[in-house]
Amino acid sequence: LRWLSTQQGFAGVTEVQGKVCEWRREMDFQPTTGSRDVGEMVFADENILFETGIESTYFEIWKKVELSHLSTSIHHVHGRNRHGVATHAQLLKAGNQFGYIRPRSVLLPPAIDLLTAIERANPNRDMLMDWLDFEISFGEMEEESQYRILHSTLPFREGSLISL
């Protein structure tokens, strides 16, 4: 469970000004730190992008998924948290690829990252499970409303279907 707390992922709005991008994290697996997420984007070619942090130190290489620029959409859908309670979620489609984001239903304490929050607060197992109950899944559409999860912040979901 501690290893799961080190994952990263978010959804939100991207603002682009020339080569500089800022990602405004509306749903973030990690606690809010108050820091901005700003990077410089440089295309190596039409399919490879280099991202270098401006206000923090990082370097990422992004590769375009074939045909992902076709038929893009965002859908506000309902998900269920680990207790079975309905909550808001988002389904992002790009070509035959999808991303599914369902945030946790509880607030995290302020901390530099989730692992630090866990070490400081020492939550009981039930609270820890609530803190980790944040799903970011990626996969491929099999049919119009059937989505096969290939990668997820909830590893037990990998291989399963989302039906919406």
Colleague: Output the distance between atom CD (Glu51) and atom CH2 (Trp62), rounded to the nearest 0.5 Å.
Modeller: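 Output value for this atom pair is 6.5 Å.
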
Colleague: Less than 3.5 Å apart, any donor N or O on the side chain of Thr87 or Asn81 sitting next to an acceptor on the other?
Modeller: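 Short answer, no.
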
Colleague: Give, for atom NE2 of His76 and atom NE2 of His88, the distance between the pair rounded to the nearest 0.5 Å.
Modeller: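 It comes to 9.0 Å.
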
Colleague: Using the side-chain contact (heavy atoms from CB on, under 4.5 Å) criterion, which residues pair with Asp28? Sequence neighbours excluded.
Modeller: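 Only Phe10, Arg25, Gln30 meet the side-chain contact (heavy atoms from CB on, under 4.5 Å) criterion with Asp28.
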
Colleague: Go through the steps to decide whether Gln8 and Ile136 satisfy the test side chain to side chain contact (heavy atoms under 4.5 Å, CB included), and finish with yes or no.
Modeller: CA-CA 9 Å; Gln8 295 188 32; Ile136 302 174; over 6 Å; no

Colleague: I'd like to know whether Leu1 forms a side chain to side chain contact (heavy atoms under 4.5 Å, CB included) with Arg125, so could you lay out the CA-CA distance, the side-chain angles of the two residues, the decisive distance to 0.1 Å, and finally the verdict.
Modeller: CA-CA 10 Å; Leu1 295 178; Arg125 184 175 175 82; 3.2 Å; yes

Colleague: Any salt bridge linking Arg148 with Glu140? Criterion: basic side-chain nitrogen under 4.0 Å from a carboxylate oxygen.
Modeller: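 The answer is no: the pair does not qualify as a salt bridge.
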
Colleague: Taking Thr33 for the side chain and Ser35 for the main chain, is one N or O donor matched with an acceptor at less than 3.5 Å?
Modeller: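 Side chain of Thr33 to backbone of Ser35: a pair is present.
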
Colleague: Could you walk me through whether Met141 and Gln146 pass the side chain to side chain contact (heavy atoms under 4.5 Å, CB included) test, one step at a time?
Modeller: CA-CA 6 Å; Met141 287 181 14; Gln146 296 282 313; over 6 Å; no

Colleague: Between Asp37 and Arg24, does any NZ, NE, NH1 or NH2 come within less than 4.0 Å of an OD or OE carboxylate oxygen?
Modeller: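 No, no charged N to carboxylate O under 4.0 Å.
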
Colleague: Not counting sequence neighbours, which residues clear ring pair (Phe, Tyr, Trp, His ring centres under 6.0 Å) with Tyr58? List them please.
Modeller: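 Tyr58 satisfies ring pair (Phe, Tyr, Trp, His ring centres under 6.0 Å) with no residue once adjacent residues are dropped.
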
Colleague: Nearest 0.5 angstrom please: Trp131 CH2 to Leu107 CG, how far?
Modeller: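 These two atoms lie 11.0 Å from each other.
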
Colleague: Rest of the hydrophobic cluster containing Leu161 (Ile/Leu/Val/Met/Phe/Trp/Tyr, side-chain heavy atoms under 4.5 Å)?
Modeller: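 None, because no other hydrophobic side chain comes under 4.5 Å of this residue.
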
Colleague: Arg102 side chain to Arg80 main-chain N or O, any donor-acceptor pair under 3.5 Å?
Modeller: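 Yes, Arg102 side chain to Arg80 backbone: donor-acceptor pair under 3.5 Å.
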
Colleague: State which residues pass side-chain hydrogen bond (donor to acceptor under 3.5 Å, both in side chains) with Ser145; sequence neighbours excluded, sorted by chain then number.
Modeller: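 Scan of Ser145 (side-chain hydrogen bond (donor to acceptor under 3.5 Å, both in side chains), adjacent residues dropped) gives none.
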
Colleague: Would Leu108 and Leu114 count as a side chain to side chain contact (heavy atoms under 4.5 Å, CB included) here? Give the steps.
Modeller: CA-CA 8 Å; Leu108 295 176; Leu114 186 50; 3.8 Å; yes

Colleague: Who passes side-chain contact (heavy atoms from CB on, under 4.5 Å) against Thr14, sequence neighbours left out?
Modeller: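 So Thr14 forms a side-chain contact (heavy atoms from CB on, under 4.5 Å) with Val16, Cys21, Trp23.
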
Colleague: Could you tell me whether the side chain of Ile61 reaches within less than 4.5 Å of the side chain of Phe50, counting heavy atoms only?
Modeller: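 Yes. Closest side-chain heavy atoms under 4.5 Å.
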
Colleague: Could you point out which residue of Thr116, Asp113, Ile118, Leu128 forms a side-chain contact (heavy atoms from CB on, under 4.5 Å) with Ser5?
Modeller: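 Option passing the side-chain contact (heavy atoms from CB on, under 4.5 Å) with Ser5: Ile118.
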
Colleague: Hey, are the side chains of Val42 and Leu49 touching, using non-hydrogen atoms and a 4.5 Å cut-off?
Modeller: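 The answer is no; the side chains never approach within 4.5 Å.
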
Colleague: Which residues pass the side-chain hydrogen bond (donor to acceptor under 3.5 Å, both in side chains) test with Glu40, sequence neighbours left out?
Modeller: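 If we apply the side-chain hydrogen bond (donor to acceptor under 3.5 Å, both in side chains) test to Glu40, skipping adjacent residues, there are no hits.
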
Colleague: Is it true that, when you exclude Lys19 itself, more than 12 heavy atoms of the residues, nucleotides or ligands shown sit nearer than 6.0 Å to its NZ?
Modeller: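 Check fails, neighbour count at 12 or below.
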
Colleague: Taking NE2 in His75 as the centre, count heavy atoms belonging to other residues, nucleotides or ligands within less than 6.0 Å. Is the count above 12?
Modeller: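 Atom NE2 in His75 is crowded, with more than 12 foreign heavy atoms closer than 6.0 Å.
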
Colleague: Looking at side-chain heavy atoms only, is the closest gap between Tyr100 and Leu92 below 4.5 Å?
Modeller: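 In short, these two side chains do not touch, never coming nearer than 4.5 Å.
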
Colleague: Is there a side-chain contact between Ile74 and Leu91 (heavy atoms, below 4.5 Å)?
Modeller: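 With C-beta onward as the side chain, the pair stays apart.
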
Colleague: Which residues pass the ring pair (Phe, Tyr, Trp, His ring centres under 6.0 Å) test with Phe29, not counting sequence neighbours?
Modeller: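 Scan of Phe29 (ring pair (Phe, Tyr, Trp, His ring centres under 6.0 Å), adjacent residues dropped) gives Phe134.
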
Colleague: Could you give the distance from CD (Glu66) to CD (Gln97), rounded to the nearest 0.5 Å?
Modeller: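 Reported value, rounded in 0.5 Å steps: 10.0 Å.
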
Colleague: Ignoring hydrogens and angles, tell me if any N or O in the side chain of Asn47 forms a donor-acceptor pair with the backbone of Lys63 under 3.5 Å.
Modeller: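 No; zero donor-acceptor contacts below 3.5 Å.
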
Colleague: What pair of heavy atoms forms the shortest contact from Ala11 to Gln90, and how long is it?
Modeller: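 Answer, listing the atom of Ala11 first, then Gln90: CB-OE1, 4.4 Å.
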
Colleague: So, using side-chain hydrogen bond (donor to acceptor under 3.5 Å, both in side chains) as the criterion, who are the partners of Glu143 when residues are at least two apart?
Modeller: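 With sequence neighbours excluded, Glu143 shows a side-chain hydrogen bond (donor to acceptor under 3.5 Å, both in side chains) to no residue whatsoever.
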
Colleague: For the pair Gln7 (side chain) and Leu4 (backbone), establish whether a donor and an acceptor sit closer than 3.5 Å, ignoring hydrogens and angles.
Modeller: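 Yes: the side chain of Gln7 pairs with the backbone of Leu4.
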
Colleague: Could you report the tightest heavy-atom contact between Phe138 and Gly99, atom names first, then the distance?
Modeller: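 For Phe138 versus Gly99, the nearest heavy atoms are CD2-CA, 4.1 Å.
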
Colleague: If you compare all heavy atoms of Pro31 against all heavy atoms of Ala111, which two are closest, and at what distance to 0.1 Å?
Modeller: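 That would be CB-O, 3.7 Å.
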
Colleague: Check the hydrophobic clustering (I, L, V, M, F, W, Y; side-chain heavy atoms under 4.5 Å; chains of links allowed) and say if Val106 and Met129 are grouped together.
Modeller: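 Hydrophobic grouping puts Val106 with Met129.
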
Colleague: Which residues satisfy the side-chain contact (heavy atoms from CB on, under 4.5 Å) test with Arg157, sequence neighbours excluded?
Modeller: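 Per chain and number, Arg157 pairs via side-chain contact (heavy atoms from CB on, under 4.5 Å) with Glu135, Ile149, Ser152, Leu154, Ser160, Ile162.
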
Colleague: Using ring pair (Phe, Tyr, Trp, His ring centres under 6.0 Å) as the criterion, list what pairs up with Phe43, not counting sequence neighbours.
Modeller: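 Listed in chain order: nothing, the list is empty.
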
Colleague: Going by the rule ring pair (Phe, Tyr, Trp, His ring centres under 6.0 Å), which residues pair with Phe98 if we only count those two or more places apart in sequence or in a different chain?
Modeller: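 If we apply the ring pair (Phe, Tyr, Trp, His ring centres under 6.0 Å) test to Phe98, skipping adjacent residues, the hits are Tyr147.
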
Colleague: Pairing donors with acceptors under 3.5 angstrom, does anything connect the side chains of Asp130 and His83?
Modeller: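 A pair is found: one side chain offers a donor N or O, the other an acceptor, under 3.5 Å apart.
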
Colleague: Tell me, please, which residues at least two apart from Glu55 pass side-chain contact (heavy atoms from CB on, under 4.5 Å).
Modeller: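 Glu55 satisfies side-chain contact (heavy atoms from CB on, under 4.5 Å) with Arg36, Val38 once adjacent residues are dropped.
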
Colleague: Do the non-hydrogen side-chain atoms of Leu115 and Glu119 ever get within less than 4.5 Å of each other?
Modeller: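 In short, these two side chains touch, coming nearer than 4.5 Å.
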
Colleague: Taking C-beta and beyond as the side chain, do Met127 and Asn122 meet within less than 4.5 Å on heavy atoms?
Modeller: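 With C-beta onward as the side chain, the pair stays apart.
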
